[in-house]
*Asks:* 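The structure's right below; bear with me while I get my questions together.
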Protein chains: 2
Amino acid sequence: MTSRTSAATSRAPGTGDHPAERAPLSHERVLRCALALADAQGIGALTMRSLAQELGVKPMSLYHHVANKEAILDGIVDLVFAEIELPSPGGDWRTEIRRRAGSAREVLHRHPWAVALMESRSSPGPASLRHHDTMLGTLRAAGFSVEMTGHAYALLDAFVYGHAIQEAGLPFTGTDDAAEITSAIAAQFAGGDYPHMVEFATERVLKPGYDFGDEFEFGLGVVLDALERLLPDGGA
Amino acid sequence: MTSRTSAATSRAPGTGDHPAERAPLSHERVLRCALALADAQGIGALTMRSLAQELGVKPMSLYHHVANKEAILDGIVDLVFAEIELPSPGGDWRTEIRRRAGSAREVLHRHPWAVALMESRSSPGPASLRHHDTMLGTLRAAGFSVEMTGHAYALLDAFVYGHAIQEAGLPFTGTDDAAEITSAIAAQFAGGDYPHMVEFATERVLKPGYDFGDEFEFGLGVVLDALERLLPDGGA
DNA sequence: ACCTGAACACCGTTCAAGT
DNA sequence: ACCTGAACACCGTTCAAGT
């Protein structure tokens, strides 16, 4: 798509700082850089000024390629949607829906700021629309009625988004520092007002092998089983 | 609790603008006003300066009652948690968990900015801790093992939060303007790239009686049925 | 066509001063 | 103890100017 990128880089004089790249701006380059910045520094660090600096340009130049910051936020949310694997309406619906759910979880884990942002976006981009249409198509092809497709999709994505928001809110990532943080919390509340939290911390979270991520597989299984029962031949 | 409020109001000289109240500041008064401002104008309109003005005070005065803006955000999230009805560990677990889930949904609907904020908060307040402890206690009292309690709570709240984030993202509230917006969208995409979205819009959303809120009862029923099967006597 | 300097109306927060 | 004026280092965005 952006075939001029590498050629244009050569005329950057190497201005010292880390914006080594100096390709000409474009809508896509602005959005790609905004996405990378949000991932690296957090969504709060994504400002028109920091983005411009990262691109080796002055803030006002951005406005020639995007309408405003809102458009940038809409754009990177759509880039996130584009990373989620689409289900294939031809395949086994359970396999396809499971694969897509797992992919959505991975993507939202890579971009933890995205799930909170989705709530406030009201103009979905092309990747979001394609995604929703393919999901609806896959469920319809699986044999769900229009009404049941609505139930199924709402339940599935409530679970996927809800799990993502819980994971994003955890004070730790991975199993290592989980133990450290959890035992600190448990010690703080020991013998106090929150006996069930202490029990859960010591007898579950601190036991070897605990991983909140496992709740995803568990919950997804529950949801898929329930969906299967909604099919016309669900009992069989 | 705040017995001085009405007495202190009388010595306000009525400074003309709508900050008619002029009670002395307090931690609670600052947080209550912040919550009201976020509800009325959106979380983006909640600034130290707008909050101060609403309280009839200068921005810097706020720092005598809260550490900084982060502490305000932590505080109002905890106020939101405090509004959610607690389950009673003594009652029928299904009734109690259902009532609490419905209350959570109502509360998050009243404060649609809250669900996105929860993700980024890492220091839970007393109401949040009380809430989590009571939920864990209710599930344990119902007969769930420690491990199953973790599964059950994770699934339940993934669904509750996920549904809330979907509702908050809808471009309409209520059934009235839903029809208008949906038919505009459907017309825009008619005969285009998104046939399943058009089908769902015309044959489901535009039919009389459609209400996305109904998906909550549907999904909650699915989740509660699944939890019942996790109990030791779940098959019976 | 694309970029930019200067400016505007905002932010959160600190610090030294007032009562 | 509680409040505040002035200031600092930031925001997003507009506008008129440069090439």
Side-chain angles (χ1 to χ4, degrees), chain A residues 2-5 7-9 11-13 15 17 19 21-34 37-38 41-77 113 117 120-121, chain B residues 2 4-5 7-9 11-13 15 17 19 21-34 37-38 41-77 113 117 120-121 123:
Chain A
T2 56
S3 54
R4 310 204 305 282
T5 306
T9 312
R11 69 164 152 80
T15 25
D17 263 319
E21 69 266 87
R22 193 53 226 262
L25 249 39
S26 70
H27 187 76
E28 180 176 352
R29 228 167 80 79
V30 169
L31 292 186
R32 289 271 158 219
C33 188
L37 201 50
Q41 320 260 21
I43 193 75
L46 174 60
T47 70
M48 298 302 276
R49 290 165 137 97
S50 66
L51 178 56
Q53 175 160 332
E54 201 68 22
L55 285 161
V57 103
K58 300 293 167 187
M60 311 78 202
S61 306
L62 300 173
Y63 289 89
H64 288 272
H65 300 93
V66 292
N68 50 34
K69 191 176 180 181
E70 284 291 288
I72 292 180
L73 296 180
D74 284 337
I76 62 177
V77 165
W113 44 266
L117 217 56
S120 55
R121 303 293 93 194
Chain B
T2 55
R4 310 205 305 282
T5 306
T9 312
R11 68 163 151 83
T15 28
D17 263 321
E21 67 268 88
R22 193 52 225 262
L25 249 39
S26 71
H27 186 79
E28 180 175 353
R29 230 169 77 81
V30 169
L31 292 185
R32 290 269 159 223
C33 189
L37 201 51
Q41 319 260 21
I43 194 73
L46 173 60
T47 70
M48 299 300 276
R49 290 165 137 98
S50 67
L51 178 55
Q53 175 159 332
E54 201 69 21
L55 284 160
V57 101
K58 299 293 167 186
M60 310 77 202
S61 307
L62 301 173
Y63 289 89
H64 287 272
H65 300 94
V66 291
N68 48 36
K69 191 177 179 180
E70 284 291 290
I72 294 182
L73 296 179
D74 283 337
I76 60 176
V77 165
W113 45 266
L117 219 55
S120 56
R121 304 295 93 193
S123 57

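Throughout, a chain's letter reflects where its sequence line sits, starting with A, and its residues are numbered from 1.
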*Asks:* Round to the nearest Å and state the distance from B/H27 atom NE2 to D/dC2 atom P.
*Replies:* 14 Å

*Asks:* Going by heavy atoms in the side chains, are B/I43 and B/L46 under 4.5 Å from each other?
*Replies:* yes

*Asks:* Once side-chain contact (heavy atoms from CB on, under 4.5 Å) is applied, do any residues pair with B/A45, and if so which ones, sequence neighbours excluded?
*Replies:*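 B/Q41.
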
*Asks:* Are B/H65 and D/dA1 close enough that a side-chain N or O sits under 4.0 Å from OP1 or OP2?
*Replies:*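 So the side chain of B/H65 is outside the cut-off, no N or O lying under 4.0 Å from OP1 or OP2 of D/dA1.
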
*Asks:* Closer than 3.5 angstrom, by distance alone: can the side chain of B/N68 be matched with the main-chain N or O of B/A71 as a donor-acceptor pair?
*Replies:* yes

*Asks:* If you compare every side-chain N and O of A/S61 against the phosphate oxygens of C/dC2 (OP1, OP2), does one of them come in below 4.0 Å?
*Replies:* no

*Asks:* When you check every protein heavy atom under 4.0 Å of nucleotides 5-19 of chain C, what one-letter string (B, S, -) results, 5' to 3'?
*Replies:* BB----BBBB-----

*Asks:* Mind jotting down which residue pairs meet the salt bridge (Lys or Arg N to Asp or Glu O under 4.0 Å) criterion with at least one end in residues 57-72 of chain B? Sequence neighbours excluded, please.
*Replies:*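 Every pair satisfying salt bridge (Lys or Arg N to Asp or Glu O under 4.0 Å) with a residue in residues 57-72 of chain B: B/E70-B/R121.
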
*Asks:* Who passes side-chain contact (heavy atoms from CB on, under 4.5 Å) against B/H27, sequence neighbours left out?
*Replies:*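 For B/H27, the residues satisfying side-chain contact (heavy atoms from CB on, under 4.5 Å) (neighbours in sequence not counted) are B/L31, B/V66.
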
*Asks:* Sort and list the pairs that fulfil salt bridge (Lys or Arg N to Asp or Glu O under 4.0 Å) and have at least one residue in residues 59-68 of chain A, not counting sequence neighbours.
*Replies:* none

*Asks:* Quick one: which residue pairs count as a salt bridge (Lys or Arg N to Asp or Glu O under 4.0 Å) with a foot in residues 43-52 of chain B, not counting sequence neighbours?
*Replies:* none

*Asks:* List the residues meeting salt bridge (charged side-chain N to carboxylate O under 4.0 Å, His left out) with A/R32, not counting sequence neighbours, and say none if there are none.
*Replies:* A/E28

*Asks:* Just to be sure I understand: a Watson-Crick pair is purine N1 to pyrimidine N3 plus N6-O4 or O6-N4, both under 3.5 Å. Using that and G-U wobbles, which stems of three or more pairs involve DNA chain D?
*Replies:*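 C:4-8 with D:12-16, C:12-16 with D:4-8 - these are the stems of 3 or more pairs that involve DNA chain D.
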
